[in-house]
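Below is one structure, written out as structure tokens; comments come after it.
Each residue takes its place number in the sequence, starting with 1. Here the structure is a predicted model, which means the values were calculated and not measured.
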Amino acid sequence: MSFRCALVPGTYDPVTLGHINVIRRAAQIFDRVVVSVADSRSKGSGPLFSLEERAGFIKDAIADLTNVEVLPFSGLLVDFAREQGASVIVKGLRAVTDFDSEFQQASINHKLDPELETVLIMSDPEHMFLSSSMVKEIASHNGKVDAWVTPTVKKALQDRFA
């Protein structure tokens, strides 16, 4: 059996229980998992939380997983994958609409690095509708987000929108 390293990339602004579910499932499949937190300053108006905060939220949520580490990155994902010795990119799928985007990204990444495989893990049914954007929108109106994020993220959202 060969050693397999997988990246689970994302902006994670903020990390949700859906993300955590995919990370935990990837940790059961692969020997080493690197949760790759994208800098994403170029994405829209920028993330709500800093790169350090987003990485910290994930570290807090997966502290019990010994084969998972959380690392920030910027630039091309395929370059970061090479740096980490990863042969697989793991992405979570919520709905059919996610498939189109993930299929395009997987195709581009394969063209950039044919050795890099993409594995799609379907979200558990209770997380299929969940997105960081929706969580931020609800939190910005003082809505309850307890069912979708960790207590640490809930408090950070409350503090940010207070």
Side-chain angles (χ1 to χ4, degrees), residues 3-94 98 101-102 104-106 108-110 112-113 116-124 127-128 130-140 145 148-161:
F3 176 79
R4 285 284 220 208
C5 176
L7 298 186
V8 185
T11 304
Y12 302 110
D13 186 41
V15 66
T16 68
L17 296 181
H19 293 128
I20 299 302
N21 177 260
V22 170
I23 293 165
R24 287 186 175 281
R25 289 164 64 199
Q28 293 174 345
I29 298 168
F30 299 98
D31 299 315
R32 177 177 173 239
V33 174
V34 178
V35 180
S36 313
V37 184
D39 185 11
S40 298
R41 280 179 284 182
S42 62
K43 204 176 186 184
S45 61
L48 178 65
F49 294 103
S50 72
L51 187 58
E52 294 76 22
E53 288 172 308
R54 291 180 281 136
F57 296 151
I58 299 166
K59 288 176 184 175
D60 178 62
I62 54 107
D64 61 309
L65 299 177
T66 59
N67 65 328
V68 179
E69 61 187 299
V70 180
L71 296 174
F73 83 98
S74 60
L76 289 177
L77 182 61
V78 294
D79 293 337
F80 186 68
R82 281 187 209 111
E83 288 171 21
Q84 294 303 312
S87 57
V88 177
I89 296 172
V90 173
K91 298 297 292 272
L93 277 185
R94 292 172 297 192
D98 281 349
S101 171
E102 298 301 346
Q104 288 177 340
Q105 288 178 44
I108 296 283
N109 288 335
H110 182 74
L112 293 170
D113 185 347
L116 193 58
E117 292 293 338
T118 298
V119 172
L120 304 174
I121 295 180
M122 290 189 285
S123 294
D124 280 349
H127 303 302
M128 286 202 162
L130 187 55
S131 74
S132 295
S133 298
M134 289 171 55
V135 167
K136 286 187 287 193
E137 180 67 20
I138 293 166
S140 74
V145 295
W148 305 307
V149 296
T150 65
T152 304
V153 172
K154 175 189 168 189
K155 181 173 180 350
L157 285 164
Q158 289 172 332
D159 291 348
R160 190 63 43 106
F161 291 117

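Between Gln105 and Thr118 the shortest side-chain heavy-atom distance does not fall below 4.5 Å.
Taking the centre of each ring, Phe57 and Phe49 come in below the 6.0 Å mark.
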Carefully, step by step, assess Tyr12 and Val35 under the rule side-chain contact (heavy atoms from CB on, under 4.5 Å).
CA-CA 10 Å; Tyr12 302 110; Val35 180; 3.7 Å; yes
side-chain contact (heavy atoms from CB on, under 4.5 Å) between Val15 and Val149, intermediate numbers included
CA-CA 7 Å; Val15 66; Val149 296; over 6 Å; no
Step by step, would you call Glu137 with Ser133 a side chain to side chain donor-acceptor pair (under 3.5 Å)?
CA-CA 6 Å; Glu137 180 67 20; Ser133 298; over 6 Å; no
Assess whether side-chain contact (heavy atoms from CB on, under 4.5 Å) is satisfied between Arg54 and Ile58, documenting all intermediate values.
CA-CA 7 Å; Arg54 291 180 281 136; Ile58 299 166; 5.5 Å; no
Derivation and outcome, side-chain contact (heavy atoms from CB on, under 4.5 Å), residues Thr16 and His19:
CA-CA 5 Å; Thr16 68; His19 293 128; 3.2 Å; yes
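Here the CG-OG distance, from Asp39 to Ser50, works out to 10.5 Å after rounding to the nearest 0.5 Å. To the nearest 0.5 Å, the span separating CD on Glu53 from OG1 on Thr152 amounts to 12.0 Å. For the atom pair Thr150 OG1 and Asp60 CG, the distance stands at 6.0 Å (nearest 0.5 Å). Separating the CG atom in Leu77 from the CD1 atom in Ile89 is a distance of 4.0 Å, to the nearest 0.5 Å. With values rounded to the nearest 0.5 angstrom, Asp113 atom CG is found 4.5 Å from Arg82 atom CZ. The distance from the CD1 atom of Ile23 to the CD1 atom of Ile62 is 6.5 Å, given to the nearest 0.5 Å.
Of the possible polar contacts, none joining the Asp31 side chain to the Asn67 backbone as a donor-acceptor pair under 3.5 Å is found. Although no hydrogens or angles enter the test, the distance criterion places no donor-acceptor pair under 3.5 Å between the side chain of Arg4 and the main chain of Ser87. In terms of modelled atom types and a separation under 3.5 Å, the side chain of Arg160 and the main chain of Leu48 share a donor-acceptor contact. Put simply, the side chain of Arg94 gets close to the backbone of Leu130: a donor and an acceptor are under 3.5 Å apart.
In terms of heavy atoms, Leu65 sits closest to Arg24 at CD2-NH1, 3.5 Å. Nearest approach of Cys5 to Gly85, heavy atoms of both residues: CB-O, 3.6 Å. Scanning both residues, Leu116 and Val88, for their nearest heavy atoms gives CD1-N, 3.8 Å. In plain terms, the two heavy atoms of Ser132 and Pro14 that are nearest each other are OG-O, 2.6 Å. The nearest pair of heavy atoms linking Ser36 to Phe80 is OG-CE2, 3.4 Å. When every heavy atom of Met128 is checked against every heavy atom of Ser123, the shortest pair comes out as CE-O, 3.4 Å.
Val90 pairs with exactly one of Val33, Val8, Ile29 by the side-chain contact (heavy atoms from CB on, under 4.5 Å) rule, that one being Val8. Each of Arg32, Gln84, Lys59 was checked for a side-chain hydrogen bond (donor to acceptor under 3.5 Å, both in side chains) with Glu69, and the lone residue meeting it is Arg32.
The local environment of CD1 in Ile108 is sparse, with at most 12 non-hydrogen atoms from other residues, nucleotides or ligands closer than 6.0 Å.
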